[in-house]
Amino acid sequence: MNVGEVVGKINNSAAPSSGNLHYIYYHTTSNNPVFGYMGAYSYVDAVSRDNIVKEQNALSSVSDYKSKQWYVLGGDWDFDSIWYFTSSTGIINLQCCYGDFSINIGTNLNSKAVVEIKDDELKTKYRYGKFAQIKFGFVEIDDGEEVIDMQKYYTLASVTKDGREENPFALNDGQYSFQDQNYLKFETLSTGEFVLTIENINLSHWGVFDIAVTAKKFDVAVSSKLFDKNGEVVEGEIPANVSQQGGGTNNDKFTIKMSYDDNATIKSSIKSAANPYTFDGWYLEGETEDTLISNSANLPIVFGHGVYNDNMSIYAKYKDDGCMVTFIMDEGVKEIRCGSGNQYPTIKDSNTSIAFPKTASSMRIEIFIKSGYKFNSAEFIKSLDTYKSSDTTSPFCTLVESTEDGTYFQFSLDMTTLTGDFAEKFNIDVKTTKEKVAGNAVTWYIVGGVSGVAVIAGIVVLIIILKRRSGGFGGGSSKSSFNKKNFKDMYY
């Protein structure tokens, strides 16, 4: 049955239908093979099937055929939405007679495990001009403590077909929409799910679609705050540095950009050990009240989990809760070091005051004694015990270690045992005594010195004079005179 040689023919004797009208042949005569031959006229001359197949096998895409003779002479052949070319047979076909179009979902749809197909109605075969719908949405993840909706942390970024961005779209007033809606439409359902509709399926519309997502960025502001004894913020006073671990120098405050599952560790350290401030934990700022997050100076954050789930401000809280301690020391003390953590200021002058935190249960005091002086650690502890409360089970001052030569002593102070006015301020008096040098040590000290020679010479002269007067050396009082010769011998 020839149904017009220009269009083609049905390849069997059955009545025409969309199921079997799917080949469009070029007409061939023994003299002049042409495409769409009609009597003495032809739309394309001097083209053979073999040449078309040969050209097709040498080229990679149908767009390359637009430079070939049969295409140019034939006029505007739309291979995107009307015609298609079968490489295995070299036959040109009408897309409207093709029933094997397919729409596939690429792997990028679920590459971050945050988007999933909700209702898969995709078919392996679509007829020309039909439409396909993809219903999908963000997943909800149960981390054992809460159910997390990934839509809070990700946005749809783009729709790509066969690896190429097909039609950019944007989120406007909570709705995604394509710039060009000729064949792609996007709908946001009240359930928060999405429907992507691919209309008028043809060769330019079918393929593999990927739906890409982008992680949202949230601001985590970090700072330090000081509170007075009444619990009010001391404006303008930032007692500590805050920093991101591995993030460089310390700062008074900074902001981290974080996405879902991002990790960060922030820490706080007092600017000076001399400040009477104590760390009281990390707090999350709230509209009505702040919430304690952690009591540790180092704060690990895994964003998207727990309280770390939105733009937020957190701060290291410090309290003005110090006890002023004044050190009084005599000339036998070389220096004193005191503090906690990693900061131990050195004290070398008497009447120097340092602020100790009242909450410190193990304030370290290191006392260095000069050579030639003695320090009584037991008396020192006894003198400090007068400051503490009446609870005898909790000592205020404890000797931790000391050296055998008595030049170094380390003590631990439990500031929590202080009571009354002593919790605000008290003195530490470090007293020493000079060492007593016993017995022969004095003699040898004198003999070994330059002045000792003069002393010995004087003693010898004195002995001679005394002996002479008492008759010694042959010149006793019982004799009236000395024999010069004898005296000389006796003297020596």
Side-chain angles (χ1 to χ4, degrees), residues 269-279 296-297 321-446 448:
S269 57
I270 196 74
K271 288 185 175 180
S272 171
N275 291 338
Y277 308 134
T278 56
F279 176 73
S296 174
D321 193 22
C323 176
M324 297 305 297
V325 179
T326 301
F327 287 89
I328 302 173
M329 51 190 184
D330 58 28
E331 71 279 0
V333 180
K334 182 179 181 181
E335 65 183 29
I336 297 175
R337 297 175 188 171
C338 59
S340 59
N342 295 320
Q343 300 193 38
Y344 296 93
T346 299
I347 301 171
K348 293 188 176 182
D349 298 320
S350 187
N351 293 310
T352 299
S353 297
I354 297 291
F356 283 6
K358 297 176 182 178
T359 56
S361 59
S362 58
M363 281 294 298
R364 184 192 298 182
I365 297 180
E366 297 175 330
I367 300 177
F368 297 83
I369 305 299
K370 295 178 182 178
S371 178
Y373 290 85
K374 295 183 67 175
F375 173 71
N376 191 324
S377 60
E379 288 296 326
F380 177 74
I381 293 175
K382 185 177 179 181
S383 66
L384 292 183
D385 277 345
T386 59
Y387 297 135
K388 72 167 191 148
S389 65
S390 59
D391 182 8
T392 58
T393 61
S394 300
F396 171 54
C397 180
T398 305
L399 177 63
V400 177
E401 63 175 300
S402 62
T403 57
E404 292 184 0
D405 61 2
T407 59
Y408 172 80
F409 297 84
Q410 182 186 138
F411 300 90
S412 177
L413 299 185
D414 185 356
M415 302 296 294
T416 62
T417 63
L418 294 175
T419 183
D421 293 338
F422 296 130
E424 300 299 325
K425 63 179 180 179
F426 64 90
N427 296 337
I428 293 182
D429 195 353
V430 185
K431 297 179 179 179
T432 63
T433 57
K434 288 187 177 181
E435 289 186 336
K436 295 180 179 180
V437 186
N440 295 332
V442 175
T443 304
W444 286 113
Y445 172 78
I446 296 175

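Because the structure is predicted, anything quoted here is derived from the model rather than measured.
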- Query: Taking C-beta and beyond as the side chain, do Tyr373 and Lys434 meet within less than 4.5 Å on heavy atoms?
  - Reply: yes

- Message: Run the side chain to side chain donor-acceptor pair (under 3.5 Å) test against Asp405 and tell me which residues pass, sequence neighbours left out.
- Response: Thr403, Thr407

- Any donor-acceptor pair under 3.5 Å linking the side chain of Tyr387 with the backbone of Asn427? yes

- Pairwise distance CD1(Ile369) to CD(Glu335) - rounded to 0.5 angstrom: 10.5 Å

- Task: Give a yes or no on whether Lys358 atom NZ has more than 12 heavy-atom contacts from other residues, nucleotides or ligands under 6.0 Å away.
- Result: yes

- Message: Within this structure, what is the NZ-OG1 distance for the pair Lys334 and Thr346, rounded to the nearest 0.5 Å?
- Response: 11.0 Å

- Can you tell me how far the CG atom of Leu418 sits from the CD atom of Glu424, to the nearest 0.5 Å? 10.0 Å

- State, with a plain yes or no, whether a side-chain heavy atom of Phe327 is found less than 4.5 Å away from one of Cys338. yes

- Message: Which label fits Phe368 and Tyr408: parallel for a plane angle under 30°, tilted from 30 to 60°, or perpendicular past 60°?
- Response: tilted

- Item | Heavy-atom side-chain proximity of Met329 to Ile347 below 4.5 angstrom | yes

- Note on the structure: Rounding to 0.5 Å, atoms CD (Gln410) and CD (Glu401) come to a distance of 4.5 Å

- Item | is_close_aromatic(Phe380, Phe409), centroid dist under 6.0 Å | no

- Mind checking whether Ile428 and Leu413 have side chains closer than 4.5 Å, heavy atoms only? yes

- Point-to-point distance, once rounded to the nearest 0.5 Å, from CD1 of Ile270 to OH of Tyr277: 7.5 Å

- Query: Which distance, rounded to the nearest 0.5 Å, do you find between the OG1 of Thr398 and the CD1 of Ile381?
  - Reply: 6.5 Å

- Heavy-atom neighbours of Lys382 NZ exceed 12 at 6.0 Å: no

- Message: Less than 6.0 angstrom separating the ring centers of Phe426 and Phe396, yes or no?
- Response: yes

